[in-house]
Q: 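There's a structure below that I have some questions on.
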There are 2 protein chains.
Amino acid sequence: MDETSIIGDPRITLFGRLVEAYASLRQQLDDEMQQEVGLPLLWYGVLLHIGRSPEGVRPMSELTEATAFTSGGVTRLVDRMEAAGYVERRPCPTDRRVQYVGLTETGREILERGSEVHIRGIQEHMLDRLGPGEVEELDRLLYKLAH
Amino acid sequence: MDETSIIGDPRITLFGRLVEAYASLRQQLDDEMQQEVGLPLLWYGVLLHIGRSPEGVRPMSELTEATAFTSGGVTRLVDRMEAAGYVERRPCPTDRRVQYVGLTETGREILERGSEVHIRGIQEHMLDRLGPGEVEELDRLLYKLAH
DNA sequence: CGAAAGTACTTGACGTGTCAACTATTGACT
DNA sequence: AGTCAATAGTTGACACGTCAAGTACTTTCG
């Protein structure tokens, strides 16, 4: 509406691109996960985070970091995932304030199935669209932005 | 926990990087916008979208695209922004089903102030962290992923 | 023209996250 | 040891988005 206004500044679009790419990929990967495994991508991320930890267990506090939720949000998320039978709370032997969260047998199974779908999605929607060397380049650039 | 499991696949991390970069930047830009202008980044995005359209007005339906919300979500979002005095609904002369959304005077002012903050944030958290040519490269790669 | 299908938006019921206050436990300092 | 600040997690009240049904208007087509 006003060509001389600051709102036309082209710098704004770089962040816009990041938002677009993120939103579009997230949408597709989430849809596929829901469709084929019946699991929200968020839940898959939590299962993966726990499943990848060497002790097979993570304290609630660390899930707040991983999810970027508040502690209250994680309490409720774990409540639901526990009710669904994917995870379980376990007491921490050295600090009774801490709640560990570990995978149930069902949780492990669905994490395995989810991972197949997730990897296929990433292959299809990300890796296959980039040329040789571009994957490493993108990874490097995104790393610089996040740290 | 199990080195032979599919969950260790390194391909998973590329999407993880995108999530990290997006979450980290979004957080910082949103904090700054809230702090300095008292505006959620989401609202800023809507004001910008409307402010950049040549007619100075956008139909609700287009805001659903821009925000990736459902139509009901946009109705409520615009309700709140209208109550805050930043936008106003205007009837569409050619189709009485359509609601146009336009900026109020206050909305224009805050969009202007928000843009200064937003551009400064992008400069600081994105452009300044990348080397020469890397901005164009990142933009190109993100574009490929989103389309 | 008039009925039926389509489109734009709104609304009620509900799911899921935040915020701030609270409980329980631990660590630090005298 | 004994108090007091810090930390981990939960909870009630609330904010904000989705989903599906509803209203109003428009377009299509026999």
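Reminder, nothing fancy here: chain letters follow the sequence lines and each chain counts from 1.
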Q: Please test Arg90(A) against Glu88(A) for salt bridge (Lys or Arg N to Asp or Glu O under 4.0 Å), starting from the C-alpha separation and ending with a verdict.
A: CA-CA 6 Å; Arg90(A) 297 175 195 157; Glu88(A) 60 190 10; 3.1 Å; yes
Q: I need the minimum non-hydrogen distance between Leu41(A) and Asp30(A), along with the two atoms involved.
A: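 Looking at all heavy atoms of both residues, the shortest contact is N-OD1, 2.9 Å.
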Q: For Glu82(B) and dC9(C), what is the distance between atoms CD and C1' respectively, to the nearest whole Å?
A: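 One finds 13 Å between C1' of dC9(C) and CD of Glu82(B), rounded.
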Q: Distance check, rounded to the nearest 0.5 Å: Thr70(B) atom OG1 versus Arg76(B) atom CZ?
A: 8.5 Å
Q: Report the residues that fulfil salt bridge (charged side-chain N to carboxylate O under 4.0 Å, His left out) with Arg97(A), sequence neighbours left out, ordered by chain and then residue number.
A: Asp95(A)
Q: Short of 4.0 Å, heavy atom to strand atom, which residues of residues 84-100 of chain A count as contacting DNA chain C?
A: Asp95(A), Arg96(A), Arg97(A)
Q: Heavy atoms under 4.0 Å, any strand shown: does Ser61(A) hit a base, just sugar-phosphate, or nothing?
A: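 Sugar-phosphate contact only - Ser61(A) comes under 4.0 Å of backbone atoms but never of a base.
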Q: Verify the cluster assignment for Leu111(B) and Tyr100(B): are they in a single hydrophobic cluster under the rule of side-chain heavy atoms below 4.5 Å apart?
A: no
Q: Using a 4.0 Å cut-off to any heavy atom of chain B, which nucleotides of DNA chain D are the first and last in contact, reading 5' to 3'?
A: dC16(D) to dT26(D)
Q: Which value, rounded to the nearest 0.5 Å, describes the distance between Arg113(A) atom CZ and Glu36(A) atom CD?
A: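 Going from CZ on Arg113(A) over to CD on Glu36(A), the span is 10.0 Å.
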Q: Looking at every strand, decide which applies to Leu63(B) at a 4.0 Å heavy-atom threshold: base, sugar-phosphate, or nothing.
A: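 It contacts nothing in the nucleic acid.
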Q: Using the rule given for side-chain contact (heavy atoms from CB on, under 4.5 Å), can you reason through Leu145(B) versus Met126(A), listing the C-alpha separation, both sets of side-chain angles and the distance that settles it, and then say yes or no?
A: CA-CA 6 Å; Leu145(B) 288 183; Met126(A) 299 188 78; 4.0 Å; yes
Q: If the condition is side chain to side chain contact (heavy atoms under 4.5 Å, CB included), which residues does Gln27(A) pass it with, not counting sequence neighbours?
A: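 So Gln27(A) forms a side chain to side chain contact (heavy atoms under 4.5 Å, CB included) with Asp31(A).
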Q: Taking atom CD of Glu124(A) and atom CG of Leu29(A), what is their separation to the nearest 0.5 Å?
A: 9.5 Å
Q: Can you sort out which residues in residues 72-79 of chain A have a heavy atom within less than 4.0 Å of DNA chain D? Ascending by number, please.
A: Gly72(A), Thr75(A), Arg76(A)
Q: According to ring-ring contact (aromatic ring centres under 6.0 Å, His included), does anything in residues 102-137 of chain A pair up with another residue at least two apart or in another chain? List the pairs.
A: Tyr44(A)-His118(A), His118(A)-Phe15(B)
Q: Provide, to the nearest angstrom, the distance between the CE atom belonging to Met81(A) and the P atom belonging to dG15(C).
A: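 Atom-to-atom, Met81(A) to dG15(C), this comes out as 18 Å.
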